[in-house]
Trainee: 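Could you have a look at this structure, given as structure tokens, before my questions?
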Amino acid sequence: MRYDLVIFDNDGVLVDSEPISNRLLAGYLTELGHPTTYEESVRDYMGSAMHRIHDLVEERTGQRLPADFDATFHARVFAAFERELRPVAGVGDVLRRLTEAGTPYCVASSGSHERIRVGHRTTKLAPWFPDEIVFSADDVGRGKPAPDLFLHAAARMGVEPARCVVVEDSRLGVEAALAAGMDVYGFTAMTPEEKLTGVNGHFDDMALLPAILGM
């Protein structure tokens with residue numbers, strides 16, 4: 001099937017940010033008295049909007065995270081991005097081929113607009129993503145696994161959900177795409193296949209994506 005819109009998740013799909021952000025999140029939660037390992041952070045929070053982190057911590061402990069949690073966490077993440085962040089290998093070629101083929105694409109991320117922009121600027125992906133094709137959980141009331149963000153992106157891009165395909169690497173993102181009525185392919189460079197169920201297929205190398213999309 002040839003799609004009318006390719007929707008990319010950002011963290012872990014376009015930019016190799018998940019190891020950085022989960023390492024820092026686990027460390028910060030532990031520092032605040034909520035012991036969390038890197039593996040637990042990946043399991044529980046990968047693909048989450050910030051409000052879900054707050055909700056899960058309060059649900060489990062009865063305690064609310066500090067009011068400045070988001071600002072402090074983002075400051076640490078952005079500083080680490082400047083030092084360490086790289087694009088996912090091969091993603092630049094995928095974006096070039098989509099552009100040459102005239103296939104519309106966009107990004108729909110649980111991260112804030114600021115986080116998306118810092119990551120794209122640092123990895124030099126910014127020219128591929130003008131403001132009008134960048135969508136964040138900030139734009140909708142509920143982040144993934146709710147379908148709201150993907151449905152918002154499709155509506156703004158003028159494409160019916162059934163004509164969209166999502167590229168995701170998190171369980172929450174896959175659930176959101178399926179709930180939106182979209183096809184979805186699981187990127188398994190970091191996430192085991194068995195964690196991404198219900199997808200149309202799996203791939204572990206971005207160089208394989210053009211063939212999957214029929215390009």
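For this chain, numbers begin at 1 and follow the sequence in order.
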Trainee: Would you indicate whether the side-chain heavy atoms of Tyr105 and Thr99 approach each other to under 4.5 Å?
Mentor: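 In contact.
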Trainee: Which residues satisfy the salt bridge (charged side-chain N to carboxylate O under 4.0 Å, His left out) test with Glu58, sequence neighbours excluded?
Mentor: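 Glu58: salt bridge (charged side-chain N to carboxylate O under 4.0 Å, His left out) contacts with Arg64.
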Trainee: Listed by chain and number, what are the ring-ring contact (aromatic ring centres under 6.0 Å, His included) partners of Phe8, not counting sequence neighbours?
Mentor: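 Residues passing ring-ring contact (aromatic ring centres under 6.0 Å, His included) with Phe8: none at all.
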Trainee: State which residues pass salt bridge (charged side-chain N to carboxylate O under 4.0 Å, His left out) with Glu82; sequence neighbours excluded, sorted by chain then number.
Mentor: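 Listed in chain order: Arg121.
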Trainee: Just to verify, what does His54 make a side chain to side chain contact (heavy atoms under 4.5 Å, CB included) with, not counting sequence neighbours?
Mentor: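 In terms of side chain to side chain contact (heavy atoms under 4.5 Å, CB included), with neighbours along the sequence ignored, His54 is linked to Leu65, Phe69, Asp70.
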Trainee: Whether Asp148 and Arg142 form a salt bridge (side-chain N of Lys/Arg under 4.0 Å from carboxylate O of Asp/Glu) is what I want to check.
Mentor: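 Salt bridge between Arg142 and Asp148, a charged N being under 4.0 Å from a carboxylate O: yes.
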Trainee: Applying salt bridge (charged side-chain N to carboxylate O under 4.0 Å, His left out), can you list everything that pairs with Glu84, at least two apart in sequence or on another chain?
Mentor: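 Only Arg23 meet the salt bridge (charged side-chain N to carboxylate O under 4.0 Å, His left out) criterion with Glu84.
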Trainee: Do the side chain of Tyr185 and the main chain of Leu209 share a donor and acceptor less than 3.5 angstrom apart?
Mentor: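 No, Tyr185 side chain to Leu209 backbone: no donor-acceptor pair under 3.5 Å.
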Trainee: Regarding Asp169 and Thr191, is there a side-chain donor-to-acceptor distance under 3.5 Å anywhere?
Mentor: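 Judged by distance alone, the side chains do not pair up.
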Trainee: Is the shortest heavy-atom distance from the side chain of Leu213 to the side chain of Thr103 under 4.5 Å?
Mentor: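 When only atoms from C-beta onward are counted, Thr103 and Leu213 do not touch, as no gap falls below 4.5 Å.
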Trainee: Would you indicate whether the side-chain heavy atoms of Ile7 and Val167 approach each other to under 4.5 Å?
Mentor: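 Result no, sub-4.5 Å side-chain heavy-atom pair not found.
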Trainee: For Phe73, what residues pass the ring-ring contact (aromatic ring centres under 6.0 Å, His included) criterion, not counting sequence neighbours?
Mentor: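 Phe73 satisfies ring-ring contact (aromatic ring centres under 6.0 Å, His included) with no residue once adjacent residues are dropped.
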Trainee: For Asp55, check salt bridge (charged side-chain N to carboxylate O under 4.0 Å, His left out) against everything at least two apart and list the hits.
Mentor: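 Residues passing salt bridge (charged side-chain N to carboxylate O under 4.0 Å, His left out) with Asp55: none at all.
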Trainee: Name all pairs fulfilling the salt bridge (Lys or Arg N to Asp or Glu O under 4.0 Å) condition that reach into residues 97-108, sequence neighbours left out, sorted by first residue then second.
Mentor: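 As it turns out, the salt bridge (Lys or Arg N to Asp or Glu O under 4.0 Å) pairs with a partner in residues 97-108, which skip direct neighbours, are Arg96-Glu100.
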Trainee: Check ring-ring contact (aromatic ring centres under 6.0 Å, His included) between Phe187 and all other residues, then give those that pass, not counting sequence neighbours.
Mentor: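 For Phe187 the ring-ring contact (aromatic ring centres under 6.0 Å, His included) partners, ignoring immediate neighbours, are Phe203.
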Trainee: If you round to the nearest 0.5 Å, how far is CG of Leu29 from OG of Ser41?
Mentor: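 Output value for this atom pair is 7.0 Å.
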Trainee: Of all residues at least two apart in sequence or in a different chain, which pass the side-chain hydrogen bond (donor to acceptor under 3.5 Å, both in side chains) check with Arg60?
Mentor: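 Arg60 satisfies side-chain hydrogen bond (donor to acceptor under 3.5 Å, both in side chains) with Asp44 once adjacent residues are dropped.
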Trainee: Residues two or more places apart in sequence or in another chain: which of them pass ring-ring contact (aromatic ring centres under 6.0 Å, His included) with Tyr38?
Mentor: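 Not a single residue meets the ring-ring contact (aromatic ring centres under 6.0 Å, His included) criterion with Tyr38.
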Trainee: For Arg117, check side-chain hydrogen bond (donor to acceptor under 3.5 Å, both in side chains) against everything at least two apart and list the hits.
Mentor: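 Once residues adjacent in sequence are excluded, the partners of Arg117 under the side-chain hydrogen bond (donor to acceptor under 3.5 Å, both in side chains) criterion are Asp131.
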Trainee: Do the side chain of Asp139 and the main chain of Ser136 share a donor and acceptor less than 3.5 angstrom apart?
Mentor: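 Looks like yes, one N/O pair under 3.5 Å.
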Trainee: What I want to find out is whether Arg156 reaches Glu132 closely enough, with some N-O distance under 4.0 Å, to be called a salt bridge.
Mentor: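 Salt bridge: no.
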Trainee: Check the side chains of Thr197 and Arg171 for a donor-acceptor pair under 3.5 angstrom, ignoring hydrogens and angles.
Mentor: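 No - no donor-acceptor pair under 3.5 Å links their side chains.
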Trainee: Is the Phe150-Phe135 ring centre distance short of 6.0 angstrom?
Mentor: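 No.
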Trainee: What about Met206 and Leu85, same hydrophobic cluster or not, with Ile/Leu/Val/Met/Phe/Trp/Tyr joined at side-chain heavy-atom distances under 4.5 Å?
Mentor: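 Same cluster.
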Trainee: Using modelled atom types and a 3.5 Å cut-off, is there a donor and acceptor pairing between side-chain atoms of Asn22 and backbone atoms of Glu18?
Mentor: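 Flag set: sc Asn22 to bb Glu18 pair under 3.5 Å.
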